[in-house]
Trainee: 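First the structure, which I've put down as structure tokens, then a few questions once you've had a look.
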Amino acid sequence: MTDKKIIRTRFAPSPTGFLHIGGARTALFSWAYARKHGGDFILRIEDTDVARSTPEAVQAILDGMNWLGLNWDEGPFYQMQRMARYREVITQMLDEGKAYHCYCSREELDALRERQMTEGVKPRYDGLWRPELGKTLPSIPEGVAPVVRFKNPQTGVVAWDDLVKGRISISNTELDDLIIARDDGTPTYNFCVVVDDNDMGITQVIRGDDHVNNTPRQINMLQALGATVPAYAHLSMILGGDGQKLSKRHGAVSVMQYDEDGYLPEAVLNYLARLGWSHGDEEIFSMEQFCQWFDLDHITPSAAQFNTEKLNWLNAHYIKQASLDYLALEVSKRLAVSGIVAADAPDLQGVVALYRERANTLNELANSVAYFYQLPQLDTVAAEKHITAEIVPIILALAERLATVDWTAEAIHAEIEHAVKSNALKFPKVAMPLRILLTGGAQSPSIDAVMALLGRDETLSRIRTRIG
RNA sequence: GUCCCCAUCGUCUAGAGGCCUAGGACACCUCCCUUUCACGGAGGCGACCGGGGUUCGAAUCCCCGUGGGGACGCCA
């Protein structure tokens with residue numbers, strides 16, 4: 001009987017764009033941590049930036065989460081719907097002297113920042129309007145709506161034991177009195193996070209590394225509110241394949257793009273799990289297994305570079321594992337996009353079974369299988385090389401015999417052998433021209449298996465219309 | 001500029017002082033299998049950023065340097 005604390009984690013994206021690969025990993029780790037400990041995973045939409053948040057982005061994030069199968073236990077909560085609560089806390093902090101009004105204009109602040117930069121010090125608010133014992137504040141300017149600032153401690157250090165990076169400490173002298181409410185009264189990010197994480201009882205804040213600098217501010221506010229400080233785990237960022245930072249402009253693709261590109265969610269999940277986390281030498285594992293193994297102790301503190309080759313390898317693996325049912329469905333959807341109808345004609349499951357071992361993505365699979373349903377373009381170079389004048393009559397004679405044979409791969413194979421033997425040739429001499437005639441190119445699975453699936457009529461028709 | 005963080009094969013990583021002449025995986029190369037291409041199998045190439053300490057002993061601990069990244073918003 002253990003009375004261990006209930007674990008509650010959250011994923012808190014801002015709806016200013018799609019769910020990208022870095023966010024997906026953060027969500028995955030938070031989700032897995034909750035699952036591992038039988039806790040709750042909460043989804044919270046941080047939409048206080050009214051100018052940049054959009055309902056489309058909210059939907060895109062939800063779509064991404066759903067595609068990956070990262071299910072949440074509570075939420076989605078929307079910060080814009082919690083305004084009353086934020087106002088309440090701001091009022092309380094104002095009343096208790098933990099926050100104060102600041103009447104500085106944006107211009108004044110910009111000028112201050114610029115001056116500090118050129119002086120080589122860290123830009124920060126100078127505390128002009130900070131009330132202090134025995135200090136006379138400037139007189140309140142006419143018609144200026146004030147912002148609310150948090151009265152950050154001016155001495156001491158804020159430190160925490162980051163679950164990924166170890167102990168981090170920052171001196172309060174590095175911090176300034178951050179704005180917690182804008183001049184229009186709306187609360188800002190750092191403040192909302194503090195109120196929400198506290199109200200929602202978050203025990204482990206697992207988030208991107210770019211929030212390390214926000215953490216001491218949040219801890220200070222939490223302490224001012226007399227709240228419990230959660231544990232923090234800061235994940236380092238994911239770099240693009242070229243080692244450059246991911247950005248809208250630069251490779252930060254939506255997870256849904258991976259769906260479109262023919263990746264299975266299992267593969268993306270497995271890949272992401274191994275980006276920055278490890279369990280010995282384990283490379284391929286299910287999410288069920290992952291949730292059992294996952295821990296914060298084995299997360300790498302350094303940044304990781306995204307590697308499509310490895311994702312491809314995993315994807316190929318999951319394609320080999322997938323059910324024919326699923327594969328056929330996905331392939332037919334993708335063929336349809338190219339305007340190809342995978343009719344009943346060649347059995348799609350059989351076709352997919354023949355090709356699944358040579359595809360990295362579902363799109364590749366669909367692509368390589370298209371010729372079964374649509375006359376392929378002929379690879380003229382290959383055709384010229386393999387379909388020689390000598391071989392044409394032999395192929396035609398073979399076609400003649402194929403017209404009456406049992407239409408099975410075995411029987412077809414026997415006929416090809418017959419053509420090979422009776423003409424004293426090597427197998428590829430006959431197989432290659434057939435392959436090119438039927439599939440359009442020089443690469444395919446066993447040609448007899450291809451023919452068996454293609455069907456007698458289509459096979460003979462393709463041979464005869466091209467060299468007949 | 002100031003503060004914070006990071007540093008093992010090309011890439012993802014194992015490694016928590018001796019088990020490391022540094023292990024696995026992707027990629028790459030060679031060979032095998034073979035009806036072409038794949039798949040699969042067997043090998044191979046390939047790394048502890050540099051310098052000082054500490055220690056009998058350091059990839060592992062400490063310091064400095066170098067390099068990279070992040071943050072310095074009335075964005076999140």
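Below, read A as the first sequence line, B as the second, and so on, with proteins coming before strands; counting in each chain starts at 1. Model, not experiment: these values are computed from the prediction.
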Trainee: Students often get this wrong, so: under 4.0 angstrom with heavy atoms, is A/Cys104 touching a base, only sugar-phosphate, or nothing?
Mentor: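 The answer is base, as A/Cys104 lies within the cut-off (heavy atoms under 4.0 Å) of a base atom.
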Trainee: A/Met237 side chain: which of B/U13, B/U35, B/G69 is closest?
Mentor: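 Shortest atom-to-atom distance from the side chain points to B/G69.
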Trainee: With distance as the sole criterion, do the side chain of A/Asp210 and the base of B/G70 form a donor-acceptor contact below 3.5 Å?
Mentor: no
Trainee: What nucleotide among B/U35, B/C6, B/G23 has an atom nearest to a side-chain atom of A/Asp281?
Mentor: B/G23
Trainee: What nucleotide, of B/G73, B/A25, B/U13, holds the atom closest to the side chain of A/Lys310?
Mentor: B/A25
Trainee: Would you classify A/Lys320 as touching base, sugar-phosphate or nothing, given that sugar-phosphate means primed atoms plus P, OP1 and OP2, and contacts are heavy atoms under 4.0 Å?
Mentor: sugar-phosphate
Trainee: With sugar-phosphate meaning primed atoms plus P, OP1 and OP2, does A/Val147 contact a base, only sugar-phosphate, or nothing at under 4.0 Å between heavy atoms?
Mentor: base
Trainee: In Watson-Crick or G-U wobble terms, both distances under 3.5 Å, what is the partner of B/C20?
Mentor: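 Pairing partner: none.
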Trainee: Has the side chain of A/Arg435 got a donor or acceptor that lies under 3.5 Å from a partner of the other kind on the base of B/U35?
Mentor: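 Checked by distance alone, the answer is yes.
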Trainee: Tell me whether the side-chain N/O atoms of A/Thr188 come closer than 4.0 Å to OP1 or OP2 in B/C74.
Mentor: no
Trainee: State which residues pass side-chain contact (heavy atoms from CB on, under 4.5 Å) with A/Lys98; sequence neighbours excluded, sorted by chain then number.
Mentor: A/Met93, A/Glu96, A/Ala224
Trainee: Please give the distance between the P atoms of B/G43 and B/U35 as a whole number of Å.
Mentor: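 These two P atoms come out 25 Å apart once rounded.
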Trainee: Side chains of A/Thr300 and A/Ser302: is there a donor and an acceptor less than 3.5 Å apart?
Mentor: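 Note: A/Thr300 and A/Ser302 side chains miss the donor-acceptor criterion.
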Trainee: Looking at A/Arg113, I'd like to know whether one of its side-chain N or O atoms comes within less than 4.0 Å of OP1 or OP2 on B/G73.
Mentor: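 Yes, such a contact exists.
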Trainee: Please report the distance separating the P of B/A59 from the corresponding atom of B/G23, rounded so that it comes out in whole Å.
Mentor: 14 Å
Trainee: Could you say whether A/Pro301 or A/Tyr189 is positioned toward the 5' end of RNA chain B, judged by the nucleotide with the nearest heavy atom to each?
Mentor: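 Residue closer to the 5' terminus by nearest nucleotide: A/Pro301.
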Trainee: Which base sits across from B/C9 as a Watson-Crick or G-U pair, both distances under 3.5 Å?
Mentor: none
Trainee: The side chain of A/Glu174 is closest to which nucleotide in this list: B/C3, B/A25, B/U36?
Mentor: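 Nucleotide nearest to A/Glu174's side chain: B/C3.
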Trainee: Run the salt-bridge test on A/Arg106 and A/Asp183 with the 4.0 Å N-O cut-off and return the result as yes or no.
Mentor: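 Yes, this pair counts.
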Trainee: Does the structure show a Watson-Crick or G-U wobble partner for B/G50, both distances under 3.5 Å? Name it, or say none.
Mentor: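 Pairing partner, where one exists within any strand: B/C64.
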Trainee: Please determine, for the side chain of A/Glu357, which listed nucleotide (B/A76, B/U36, B/C39) has the closest atom?
Mentor: B/C39
Trainee: Is a side-chain donor or acceptor of A/Asn220 paired with a backbone partner of A/Val158 at a separation under 3.5 angstrom?
Mentor: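 No.
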Trainee: Would you mind pulling out the nucleotide paired to B/U35, Watson-Crick or G-U wobble, both distances under 3.5 Å?
Mentor: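 Because no pair has both required distances under 3.5 Å, B/U35 counts as unpaired.
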Trainee: Using the P atom on both, measure B/G15 against B/C28 and round to a whole Å.
Mentor: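 After rounding to an integer number of Å, I get 27 Å for this pair.
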Trainee: What's the gap between B/U8 and B/C3 when it is taken at their P atoms, as a whole Å value?
Mentor: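 Comparing P positions in B/U8 and B/C3 gives a spacing of 25 Å.
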Trainee: Does the distance from a Lys or Arg side-chain N to an Asp or Glu carboxylate O, for A/Arg52 and A/Asp47, drop under 4.0 Å?
Mentor: no
Trainee: Hey, what's the ring geometry for A/Trp277 with A/Phe290, parallel, tilted or perpendicular (30° and 60° as the breaks)?
Mentor: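 Perpendicular: the ring planes of A/Trp277 and A/Phe290 meet at over 60°.
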Trainee: Nearest to the side chain of A/Glu309, which nucleotide is it out of B/C26, B/A76, B/C3?
Mentor: B/C26
Trainee: Any base atoms under 4.0 Å from A/Thr48, or only sugar-phosphate, or nothing? Heavy atoms, all strands.
Mentor: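 If one applies the 4.0 Å heavy-atom cut-off, A/Thr48 turns out to touch the sugar-phosphate alone, with no base involved.
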Trainee: Using the P atoms only, state how far B/U2 lies from B/G65, rounded to an integer number of Å.
Mentor: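 Between the two P atoms, the distance is 12 Å.
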Trainee: Within less than 4.0 Å of OP1 or OP2 of B/U36, is there a side-chain N or O belonging to A/Lys429?
Mentor: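 Indeed not, no polar side-chain atom of A/Lys429 lies that close.
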Trainee: From CG of A/Asn315 over to P of B/C26, roughly how many Å is that when rounded to an integer?
Mentor: 15 Å
Trainee: Without decimals, in angstroms, what is the distance between A/Glu364 CD and B/A38 P?
Mentor: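 Atom-to-atom, A/Glu364 to B/A38, this comes out as 12 Å.
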Trainee: Suppose we call a contact any N or O donor and acceptor under 3.5 Å apart; does that hold for the side chain of A/Asn214 and the base of B/A76?
Mentor: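 Present.
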Trainee: How are the rings of A/Trp160 and A/His234 set relative to one another: parallel (under 30°), tilted (30 to 60°) or perpendicular (over 60°)?
Mentor: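 Perpendicular, since the angle between the ring planes exceeds 60°.
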Trainee: Rounded to whole Å, how long is the line connecting atom CG of A/Leu235 with atom P of B/C4?
Mentor: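 Interatomic distance, CG of A/Leu235 to P of B/C4: 22 Å.
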Trainee: Counting distance alone, no hydrogens or angles: does the base of B/U35 have a donor or acceptor under 3.5 Å from a partner atom on the side chain of A/His413?
Mentor: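 Counting by modelled atom types and ignoring angles, a donor-acceptor contact under 3.5 Å is found here.
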Trainee: Return yes if the base of B/G24 and the side-chain atoms of A/Glu283 contain a donor-acceptor N/O pair under 3.5 Å, otherwise no.
Mentor: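 By the distance-only test, yes, there is a pair.
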Trainee: Using a cut-off of 4.0 Å on non-hydrogen atoms, how would the nucleic acid contact of A/Gly241 be classed: base, sugar-phosphate, or nothing?
Mentor: nothing
Trainee: What distance, rounded to whole Å, do you find between the two C1' atoms, one in B/C29 and one in B/G68?
Mentor: 31 Å
Trainee: Quick one: A/Asp297 CG to B/G15 C1', roughly how many Å, whole number?
Mentor: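 Atom CG in A/Asp297 sits about 15 Å away from atom C1' in B/G15.
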Trainee: For the side chain of A/Lys122, starting at C-beta, report the closest nucleotide among B/U11, B/U36, B/G1.
Mentor: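 Among the listed nucleotides, the one closest to the side chain of A/Lys122 is B/G1.
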Trainee: With a non-hydrogen cut-off below 4.0 angstrom, is A/Ser446 in contact with a base, only sugar-phosphate, or nothing?
Mentor: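 Base contact.
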Trainee: Under 4.0 Å between any heavy atoms, over every strand shown, what does A/Thr300 touch: base, sugar-phosphate, or nothing? Just pick one.
Mentor: sugar-phosphate
Trainee: When all nucleic acid strands are considered with a 4.0 Å heavy-atom cut-off, which category describes A/Ala442: base, sugar-phosphate, or nothing?
Mentor: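 Touches a base.
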Trainee: Give the nucleotide from the list B/G1, B/C3, B/A76 with an atom nearest to the side chain of A/Asn190.
Mentor: B/A76
Trainee: With both distances under 3.5 angstrom, what nucleotide forms a Watson-Crick or G-U wobble pair with B/C3?
Mentor: B/G70
Trainee: Remember a base hit wins even if backbone is also touched, and classify A/Ile179 as base, sugar-phosphate or nothing at under 4.0 Å, heavy atoms.
Mentor: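 Base contact - A/Ile179 has a heavy atom under 4.0 Å of at least one base atom.
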Trainee: Among B/G70, B/C4, B/C74, which nucleotide has an atom closest to any side-chain atom of A/Ile168?
Mentor: B/C4
Trainee: Nearest heavy atom decides the nucleotide; on that basis, is A/Gly166 or A/Arg106 closer to the 5' end of RNA chain B?
Mentor: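 By nearest-heavy-atom nucleotide position, the 5'-most residue is A/Gly166.
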Trainee: Considering only the P atoms, how many Å lie between B/C12 and B/A27, rounded to the nearest integer?
Mentor: 15 Å
Trainee: How about A/Phe294 and A/Phe29: are their ring centres within less than 6.0 Å of each other?
Mentor: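 Distance test on ring centres: under 6.0 Å, yes.
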Trainee: With heavy atoms under 4.0 Å as the rule, sort A/His298 into base, sugar-phosphate or nothing.
Mentor: sugar-phosphate
Trainee: Contact class for A/Pro216 (heavy atom, under 4.0 Å): base, sugar-phosphate, or nothing?
Mentor: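 Counting heavy atoms under 4.0 Å across all strands, no contact is made by A/Pro216.
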Trainee: Using atom CG of A/Leu311 as one end and atom C1' of B/A27 as the other, report the distance to the nearest whole Å.
Mentor: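 Taking CG of A/Leu311 and C1' of B/A27, I get 14 Å after rounding.
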Trainee: Round to the nearest Å and state the distance from A/Asn307 atom CG to B/C28 atom C1'.
Mentor: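 To the nearest whole Å, that distance equals 12 Å.
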Trainee: So that I can tick it off, tell me whether A/Lys165 and A/Asp209 are bridged by a salt bridge, with the cut-off set at under 4.0 angstrom between side-chain N and carboxylate O.
Mentor: yes
Trainee: Atom CZ of A/Arg149 and atom C1' of B/C74: how far apart are they, to the nearest Å?
Mentor: 8 Å
Trainee: Is A/Ser444 touching bases, backbone alone, or none of the nucleic acid, heavy atoms closer than 4.0 Å?
Mentor: base
Trainee: If you only use heavy atoms from C-beta on, which nucleotide in B/C26, B/U35, B/C74 is closest to the side chain of A/Asp183?
Mentor: B/C74
Trainee: Checking A/Tyr271 against A/Asn307: is there a side-chain donor and acceptor pair closer than 3.5 Å?
Mentor: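 Judged by distance alone, the side chains do not pair up.
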Trainee: Please give the distance between the C1' atoms of B/U34 and B/G40 as a whole number of Å.
Mentor: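 Here B/U34 and B/G40 have their C1' atoms 11 Å from each other.
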